[in-house]
Amino acid sequence: MSDNFIEEIVEADNTSGKWNGRVHTRFPPEPNGYLHVGHAKSIVLNAGLARKYGGKFNLRFDDTNPAKEEQEYVDSIINDVKWLGGDFEGRLFYASDYFGQMYTWAEQLIEKGKAYVCDLNADEMRDYRGTLDKPGRNSPFRDRAPAENLDLFRRMKAGEFAPGAKTLRAKIDMGSGNINLRDPVMYRIIKEHHHRQGDTWCIYPSYDWAHGNEDSLEQITHSICTLEFENHRPLYDWFLNELGVYHPQQIEFAKLQLTYTVLSKRNLLHLVKEKYVRGWDDPRMPTLSGMRRRGYTSEALRAFCDEIGVTKNESVIDVGRLENAVRTHLNATATRKMAVLNPLKVVLTNYPEGQVEQMEVANNPEDPAAGVRSVPFSRELYIERDDFMEEPSKKFFRLGPGREVRLRGAYFVTCTNFIKGADGQVTELHCTYDPASKGGNSPDGRKVKGTMHWVSAPHAVTAEVRLFDRLFAAEFPGKAHEGVEMPFLKDLNAKSLEVVGNAKLEPSLGHVNPGERFQFERLGYFTVDLDARVGAQVFNRTVALKDAWVKEQGAEEAPAAPVAAPKAAKAEKKVEPAAPPAEIEFGDFTKVQLKAGRVLAAEKVEKADKLLKLSVDLGEGTPRTIVSGIAEAFAPEQLVGRNVVVVVNLKPRALKGIESRGMILAAGSGKGLQLINPGDVAPGSDVK
RNA sequence: UGGGGCGUCGUCCAAGGGUAGGACAUCAGACUUUGACUCUGAGUAUCGUGGUUCGAAUCCACGCGCCCCAGCCA
């Protein structure tokens with residue numbers, strides 16, 4: 001069974017005998033940066049094809065440009081490919097090892113009259129190339145005799161000419177609609193030190209010339225690359241045909257794109273060079289080394305790549321899918337531990353002073369074979385500050401005055417008192433425990449809603465915990481800032497790293513090693529960072545657990561009355577008065593999508609008494625422009641900073657020539673108009 | 001003188017003339033010694049308009065939208 005269109009091609013080829021049943025793929029990175037999750041898709045695809053069809057998979061460095069390539073990158077790439085499980089079985093190749101063969105082939109094309117040495121400089125060549133809709137002109141050097149070309153080319157190789165002075169070009173068609181066919185450059189003069197060849201060469205093959213040659217020499221069957229090379233396929237084919245050599249098939253697929261993520265080596269390099277992150281392996285980076293340091297597993301990455309599929313559609317994958325794949329694997333494999341990030345001291349007033357009990361706790365409820373461990377329990381504990389509320393709401397299942405909860409694997413405890421510091425902050429809780437509930441069950445069958453994690457205060461290990469959030473705050477980084485240089489930098493998330501210096505951990509976490517992964521119960525998955533030392537542990541949060549309570553809180557904070565009104569009523573009454581919507585079908589009521597927004601700016605619309613032009617943040621990165629007929633009731637300055645409810649899925653429409661994308665919900669009319677308030681929620685929150 | 005590619009739930013991916021299906025997300029519920037996991041249920045999609053056909057996401061025509069290409073980068 002084929003899983004995607006490429007496998008269909010492979011299976012058809014196997015059926016027809018096109019490659020005699022062989023399947024041979026490759027991953028051909030240029031060593032000019034670290035590998036990222038987009039490369040993972042390609043590696044998993046190529047290596048997976050080889051594995052599935054009993055074929056082979058090569059790792060090959062496409063090192064044809066000494067100006068950009070470094071040994072450091074080669075080393076990291078080899079390491080990352082292996083980590084991901086790309087099994088090249090020792091078939092590690094370098095394009096630079098084929099430079100001799102490629103040179104010989106180039107001379108053949110020259111002798112055939114299919115390539116020529118051109119003296120045009122870069123500017124002139126651009127001029128001669130024409131434009132997208134204008135054909136190019138032949139170079140004045142196009143008709144040099146093969147013998148002259150051969151002589152010139154040999155002298156290029158011998159280093160007689162300055163960089164940029166001459167190129168070797170394929171003689172194809174300056175009139176082609178495909179610009180790649182307008183006599184592309186095969187060799188350019190570069191006088192730089194090559195990471196493997198040293199100063200042996202001063203002419204270097206261009207991608208188009210080199211790549212097919214490399215594939216051919218390695219007897220690749222299916223040469224898989226990304227969509228932007230589709231325009232280059234005619235060239236790939238042309239070179240191999242002219243040479244009359246073994247000719248693999250190039251197949252293109254859509255590269256991976258992720259929301260909230262930047263995946264281009266150029267931009268990632270910028271983040272590293274300008275120190276926006278701590279390095280290529282910063283845990284916030286989408287690099288394989290960054291994700292590994294953060295605690296992502298290669299199994300999760302492979303599962304993710306398998307799940308998202310392979311097509312030619314340029315799709316953007318919700319980064320939540322990646323996080324989900326990580327959670328799924330870690331849930332099944334990670335040892336559970338208890339850790340308190342934001343400690344609040346609890347004293348069990350009826351627990352004997354000085355007593356310590358060892359409580360047995362499961363290492364992984366998902367995997368009974370993981371066994372149990374002992375965790376010390378004593379009179380003074382730490383719990384998570386968030387797990388106590390002075391005035392808890394009904395839906396809060398955790399501790400509050402008079403409330404009883406279970407301490408995981410230990411006892412039921414009831415809060416009897418709390419102590420506040422001078423600043424009004426709660427500093428300590430007094431609780432009583434029920435000795436009969438040891439292990440976490442009460443003999444009388446009484447139930448508690450909440451189970452909480454805890455750490456014995458005198459036994460706790462203090463450690464640093466690094467909480468990572470997405471590096472970018474916008475779904476499509478940079479999209480809202482087109483035109484500026486490096487626009488994605490504008491969307492950097494200022495809160496992408498939070499360092500907790502005073503986390504209290506169960507004692508077993510005091511002696512763990514970098515790379516080990518755990519679930520801190522109720523918090524998320526964590527791994528020991530490379531910076532960790534004995535006595536100074538450092539943990540990275542890989543990914544948080546899903547948290548229904550966070551959502552619940554969001555719902556609670558919103559005022560109930562207006563938003564809880566039936567949707568039909570909203571659609572009937574609370575519409576924008578100045579511009580009533582077109583009649584919609586009854587069934588359309590349920591299609592209305594409401595989100596909370598914050599007004600960033602407001603101004604009057606010229607020649608319109610009732611209209612205001614608003615800029616509303618809906619958590620989408622780019623604020624939306626919404627024209628609303630509420631000028632009679634509100635002055636522009638009254639609106640800035642206010643939270644509003646916006647119908648977000650309306651077709652954009654033009655009001656007084658301004659495109660309005662969405663509608664503000666309001667009730668009443670004229671000066672008595674009231675805006676519907678979504679409460680104090682983040683822009684972009686769903687309103688139901 | 002332009003050339004090449006792509007359009008299916010909110011997001012990804014299936015269905016290749018025969019009941020538009022799955023995953024993620026969302027919502028509702030069950031379970032729970034992790035508000036996790038697991039389980040159950042719900043809603044939402046074939047870019048448009050014509051045509052061919054008993055029957056079209058699929059074939060045809062004409063539109064529309066988006067992406068890539070004018071490096072001596074890959």
Side-chain angles (χ1 to χ4, degrees), chain A residues 3-4 28-30 32 62 64-65 67-68 118 120-122 125-127 129-136 163-169 175-182 184-190 203-204 206-208 210-211 225-234 252 254 259 265-266 307-318 320-321 323-325 327-328 331-332 336 338 361-362 365-366 395-398 405-410 412 437 439-441 447-453 519-524 544-552 590-591 593 649 686 688:
Chain A
D3 288 338
N4 57 57
E30 184 189 14
N32 66 345
D62 206 3
T64 57
N65 187 348
K68 296 187 170 184
C118 183
L120 255 26
N121 66 31
M125 199 180 291
R126 188 178 314 119
D127 184 46
R129 186 159 37 230
T131 67
L132 290 180
D133 51 14
K134 255 192 290 179
K166 285 181 165 46
T167 56
L168 183 73
R169 293 227 258 167
S176 173
N178 182 345
I179 290 183
N180 296 124
L181 262 17
R182 317 236 264 229
V185 168
M186 295 168 63
Y187 278 93
R188 70 282 212 207
I189 299 169
I190 301 175
I203 55 171
Y204 287 88
S206 62
Y207 168 86
D208 286 307
H211 205 86
C225 61
T226 49
L227 249 30
E228 63 266 34
F229 292 103
E230 208 151 19
N231 293 331
H232 294 248
R233 184 167 8 110
E252 309 85 13
T259 57
K265 279 197 211 171
R266 188 180 117 86
E307 282 165 15
I308 58 175
V310 177
T311 67
K312 298 185 75 155
N313 301 339
E314 286 193 50
S315 50
V316 183
I317 309 291
D318 183 341
R321 298 276 299 261
E323 295 166 348
N324 207 58
R327 283 193 195 99
T328 301
N331 177 52
R336 290 340 81 136
M338 289 197 283
V361 184
E366 302 285 322
K395 288 187 173 168
F396 187 77
F397 302 155
R398 287 110 94 150
V405 300
R406 171 169 37 234
L407 294 181
R408 168 130 238 216
F412 282 18
S437 63
N441 283 308
K447 297 250 192 274
V448 288
K449 272 291 228 183
T451 299
M452 295 164 25
H453 60 281
Q519 183 196 95
F520 289 178
E521 294 220 26
R522 304 208 301 136
L523 297 176
L545 253 29
K546 282 196 228 169
D547 191 349
W549 170 238
V550 169
K551 284 182 199 168
E552 186 64 49
T590 56
K591 294 182 185 167
Q593 210 180 71
N649 58 340
D686 285 322
K688 293 285 163 193

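Not measured: the values here are computed from a predicted model.
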Quick one: label [X] by what it contacts on the DNA or RNA (base, sugar-phosphate, nothing), any heavy atom closer than 4.0 Å.
X: A/Thr259; result: nothing
X: A/Pro28; result: nothing
X: A/Tyr187; result: nothing
X: A/Asp208; result: nothing
X: A/Ile308; result: sugar-phosphate
X: A/His211; result: nothing
X: A/Ile317; result: sugar-phosphate
X: A/Leu120; result: base
X: A/Thr328; result: nothing
X: A/Asn441; result: base
X: A/Val316; result: sugar-phosphate
X: A/Ser315; result: sugar-phosphate

**Request:** Starting from P on B/G71, measure out to CD1 on A/Ile179 and report it in whole angstrom.
**Result:**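 The answer, rounded to whole Å, is 8 Å.
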**Atom-to-atom span, CZ of A/Arg126 to P of B/A70 - whole angstrom** =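 In whole Å, B/A70 P and A/Arg126 CZ are 11 Å from each other.
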Would you tell me if any nitrogen or oxygen in the side chain of [X] comes within less than 4.0 Å of OP1 or OP2 on [N]?
X: A/Arg182; N: B/A70; value: no
X: A/Asn32; N: B/A74; value: no
X: A/Thr64; N: B/A74; value: yes
X: A/Arg129; N: B/C72; value: yes
X: A/Arg406; N: B/U34; value: no
X: A/Arg408; N: B/A36; value: no
X: A/Ser206; N: B/C73; value: no

**Message:** Between A/Asn180 and A/Lys447, which residue's closest nucleotide on RNA chain B lies nearer the 5′ terminus?
**Reply:**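 This one resolves to A/Lys447.
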**Asked** Taking for each residue the nucleotide of RNA chain B bearing the nearest heavy atom, is the 5' side occupied by A/Lys68 or by A/Phe520?
**Response**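 The residue closer to the strand's 5' end, by nearest nucleotide, is A/Phe520.
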**Message:** Between A/Arg408 and A/Glu521, does any NZ, NE, NH1 or NH2 come within less than 4.0 Å of an OD or OE carboxylate oxygen?
**Reply:**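 Salt bridge between A/Glu521 and A/Arg408, a charged N being under 4.0 Å from a carboxylate O: yes.
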**Basic-acidic side-chain contact under 4.0 Å: A/Glu30, A/Lys265** =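 Here A/Glu30 does not pair with A/Lys265 in a salt bridge, since their nearest N and O are not under 4.0 Å apart.
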**Request:** Name all residues meeting the side chain to side chain contact (heavy atoms under 4.5 Å, CB included) criterion together with A/Asp208; count only those two or more places apart in sequence or in a different chain, and write none if there are none.
**Result:**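 By the side chain to side chain contact (heavy atoms under 4.5 Å, CB included) rule, A/Asp208 matches A/His232, A/Leu235, A/Phe239.
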Report yes or no: is there a donor-acceptor pair, N or O only, under 3.5 Å between the side chain of [X] and the base of [N]?
X: A/Gln519; N: B/U34; value: yes
X: A/Arg233; N: B/G4; value: no
X: A/Asn231; N: B/C68; value: yes
X: A/His453; N: B/A36; value: no

**Message:** Treating primed atoms plus P, OP1 and OP2 as sugar-phosphate and everything else as base, which nucleotides of nucleotides 20-25 of chain B get B, S or - for protein heavy atoms under 4.0 Å?
**Reply:** ---BSS
**Prompt:** If we require ring centres under 5.5 Å and near-parallel planes under 30°, does A/Tyr207 stack on B/A74?
**Reply:**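 Per 5.5 Å and 30° rule: no stacking.
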**Request:** Find the runs of at least 3 consecutive base pairs, i with j, i+1 with j-1 and so on, that include RNA chain B, using Watson-Crick or G-U wobble geometry with both distances under 3.5 Å.
**Result:**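 RNA chain B stems, ordered by first number: B:2-7 with B:64-69, B:10-13 with B:21-24, B:26-30 with B:38-42, B:47-51 with B:59-63.
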